[in-house]
Structures are given as structure tokens and as C-alpha cells.
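Below is one structure; the comments refer to it alone.
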Amino acid sequence: MSVPDLETWRARWRTPERERLGVRGERIGDGFASFTVDLRYGDERDHDALFASAAVTHAADIAVLSAVMGHLDEHVQQQNGTASMHLNFLRPLVGVLTVEGRITSWGSHDAIVEIAAEDERGTLVLKGLSTYSLRPREPRGDA
Amino acid sequence: MRSIVEWEGTPFFRELDLRVESAGDGHARLAVRREAVRLRGARDGLNGGIVATLGEAAMRVCLASMLADGERAGRTRELTVAYLSGARGDVTIVEARMLRKGGRLAVGDIELIDAADGTLNAKLRVSCEVIPARAE
């Protein structure tokens with residue numbers, strides 16, 4: 001496994017589209033990653049539940065991807081995309097949330113990643129589970 | 001019931017230039033152009049989180065078409081998505097149909113389909129809260 005350098009990893013996710021959503025990389029480690037989602041837009045986006053949902057769901061998806069990145073041995077396996085995701089929205093999505101992905105199981109062809117989002121008081125607002133697809137690294141042929 | 005123009009004028013719909021092609025009687029059909037969605041995922045398909053929210057959007061339009069007088073749509077409670085193939089078509093269709101609308105909860109079935117060749121990109125099930133009309 002190789003946990004990416006924190007600032008390099010944060011920079012990867014720093015794009016205008018994610019700034020619009022209020023999504024920023026927070027932490028990454030072996031098998032886990034977290035993003036903050038600031039839903040205090042201060043304009044009409046504050047009143048659009050779908051905008052908040054897009055921000056949090058996007059953060060959940062890339063938290064899953066990053067958790068996998070932080071555990072993957074690139075000599076053995078490679079990423080193959082999210083296969084499925086299940087989310088339970090427990091409370092309204094408001095304020096500043098922390099969305100975390102944490103690997104619970106790792107296999108030869110998939111990883112199971114638990115998702116959780118909490119508000120600033122540590123109250124759970126979202127809980128979920130994702131299956132992320134993996135592929136064996138194909139051996140490189142000799143030149 | 002919110003009109004198509006009203007839906008398309010909301011921030012999320014405008015952000016992705018999301019269009020409502022049809023809505024009514026427990027059915028909704030939306031369309032999104034790939035070039036309008038800059039957040040990408042595996043092999044440059046639409047990002048998985050955005051795919052999930054597109055499904056949620058279609059469900060909300062679908063639910064709105066079935067609300068009785070005084071009823072309102074509440075929060076999304078649950079969302080399940082299976083990613084079957086990358087959404088890489090120039091246009092992706094998001095089609096929702098209501099499975100059951102109860103007095104407190106509505107459950108819908110949603111598919112994301114490549115407009116060009118009909119490839120099924122994702123399958124979703126979304127549950128939304130229904131807020132009953134206030135008793136007189």
C-alpha cells in the first residue's frame with residue numbers, strides 16, 4: 001500500500017466544480033479518507049436539497065475511492081470503479097459535514113467501504129456502504 | 001405541481017443543464033449532456049456521486065407528479081445505486097417510475113440509459129418522505 005502525500009492528495013480534489021459544491025479533501029490514511037462538505041453557500045443553493053445531496057453524495061463517492069487508494073498495492077491490484085452504493089439519509093444535510101469512507105473488507109476483486117457523515121456536533125446524518133471493484137494488476141510483458 | 005420550467009430553474013438542474021423531457025402520472029424522464037457534467041469518474045464516465053443525485057432528481061420530479069393537494073415531498077431517506085457501465089454517452093437519459101407512493105413514503109425505480117444506444121448505465125431505487133396535508 002502507499003498512502004498518498006496529504007497535500008498532493010488534497011490538491012487532486014481542488015477543482016472549481018468541487019469548490020462550487022463545497023467539497024474539500026481532509027484526511028487520508030491506510031484504508032480511510034474524509035472530506036469536508038460546507039453547505040453554507042449563502043445564496044439560492046442553500047434552499048435546494050438536491051444541491052446539498054449532490055455535494056454529500058459526491059463526497060461519499062470520492063471518500064470511497066480515496067479509502068481504496070490509501071490501501072491499494074498497485075503492484076498487485078488496480079482500481080476498477082464503484083460497483084454499488086447504498087446510503088441512508090438520517091437527518092437534514094445542513095452546515096459543515098465530514099464525510100468519511102473506511103474499508104471494512106478487502107478482497108481480490110472488491111472492497112467493501114463503510115460511509116458515514118457527521119455534522120459539526122458529531123451527530124450522524126448519513127450512513128452507507130459501498131462496493132468498490134478491483135482488478136488484478138496485469139503482468140507487464142518483457143520488452 | 002412544479003412546472004418543467006420551474007424544475008429546470010432550480011440550482012442543481014441549472015448547474016448540470018439538466019432537462020425535464022416529460023413528467024406526469026408517476027413517471028419522469030430527464031436528460032443530461034455529458035459535456036455539462038465536469039465531475040467524472042472511472043474511465044471518464046459521469047462521476048458516481050453525480051449519477052446517484054441524477055437518479056434522486058428524477059425521483060423527485062416523478063414524486064411531484066403524484067402529490068395530492070396539500071401534500072409535499074420531504075427528504076430523501078434512502079438511495080441504492082448499482083453502477084453497471086460507465087455513463088459516457090453524449091446524452092444520458094434518467095428515467096424514474098414510481099413503485100409505490102404511500103401516505104408517508106414513496107419508493108421509485110430509476111434507470112440511467114445512454115440515449116444513443118440504450119445501454120443501461122445504472123439502476124437505482126430511491127425512497128422519499130411524503131409530508132401529508134395538514135388536517136383542517
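Chain letters run A, B, ... following the sequence lines, proteins first and then strands; every chain starts at 1. For the numbers below, each heavy atom of this structure counts, side chains included, while hydrogens, waters and symmetry mates do not.
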Checking the side chain of A:Asp48 only, and the main-chain atoms of B:Phe12 only, is there a donor and an acceptor separated by less than 3.5 Å?
yes

Honestly, the part of A:Leu93 sitting under 4.5 Å from a heavy atom of chain B is neither

* Around atom CZ of B:Arg88, are there more than 12 heavy atoms of other residues, nucleotides or ligands at under 6.0 Å? -> yes

All heavy atoms of A:Gly81 vs all of B:Ala42, minimum pair found to be CA-CB, 4.0 Å

So CZ of B:Arg75 and OG of A:Ser53: to nearest 0.5 Å the spacing works out to 11.0 Å

For a 4.5 angstrom cut-off between non-hydrogen side-chain atoms, does A:Met85 reach B:Leu124?
no

Cut-off 4.5 Å, heavy atoms of chain A, and the answer for B:Arg125 is neither

Applying a strict 4.5 Å limit to non-hydrogen atoms, the region of A:Leu90 in contact with chain B is backbone

(Q) Between B:Leu63 and B:Ile4, is there shared hydrophobic-cluster membership here, with clusters defined by ILVMFWY side-chain heavy atoms closer than 4.5 Å? (A) yes

If one checks every heavy atom of A:Ala83 against chain B at 4.5 Å, the contacting part turns out to be backbone

dist B:Thr53:OG1 -> A:Leu50:CG (nearest 0.5 Å) comes out at 7.5 Å

Pair count under 4.5 Å, heavy atoms only, with chain B: among A:Gln79, A:Arg18, A:Arg20, highest is A:Arg20

Atom CZ of residue position B:Arg33 - does it have more than 12 heavy atoms of other residues, nucleotides or ligands inside 6.0 Å? yes

query = Linking I/L/V/M/F/W/Y whenever any side-chain heavy atoms sit under 4.5 Å apart, do A:Trp9 and A:Val3 land together?
reply = yes

Check: Could B:Arg14 and A:Glu44 be called an ion pair, given the rule that one side-chain N must be under 4.0 Å from one carboxylate O?
Finding: yes

Notebook entry, point to check: Is it true that atom CZ of B:Arg43 has more than 12 heavy atoms of other residues, nucleotides or ligands lying nearer than 6.0 Å?
Noted result: yes

*Under 4.5 Å between side-chain heavy atoms, hopping through other hydrophobics if needed: is there a path connecting B:Val130 to B:Met66?*
yes

Check your understanding: Any side-chain heavy atom of A:Asn88 within less than 4.5 Å of one from B:Arg77?
Key -> no

Okay, A:Asp43 and chain B: the region with an atom under 4.5 Å from a heavy atom over there is neither

| request: Report yes or no: do A:Val125 and A:Val56 belong to one cluster of Ile/Leu/Val/Met/Phe/Trp/Tyr joined by side chain heavy-atom distances under 4.5 Å? | output: yes

So NE2 of A:His86 and CG of B:Leu79: to nearest 0.5 Å the spacing works out to 8.5 Å

Answer key: most heavy-atom pairs under 4.5 Å with chain A among B:Thr76, B:Leu54, B:Thr10, B:Leu16 is B:Thr76

Checklist line | Validation row: B:Ile50, A:Thr57 side chains within 4.5 angstrom (heavy atoms) | finding: no

Answer yes or no: is there a side-chain heavy-atom contact under 4.5 Å between B:Arg38 and A:Thr15? no

Margin query: Taking CG in B:Asp17 as the centre, count heavy atoms belonging to other residues, nucleotides or ligands within less than 6.0 Å. Is the count above 12?
Written below: yes

Cut-off 4.5 Å, heavy atoms of chain B, and the answer for A:Pro16 is neither

Cluster check A:Leu129, B:Val81: I/L/V/M/F/W/Y, side chain < 4.5 angstrom
no

Heavy-atom side-chain proximity of A:Phe89 to B:Glu78 below 4.5 angstrom: no

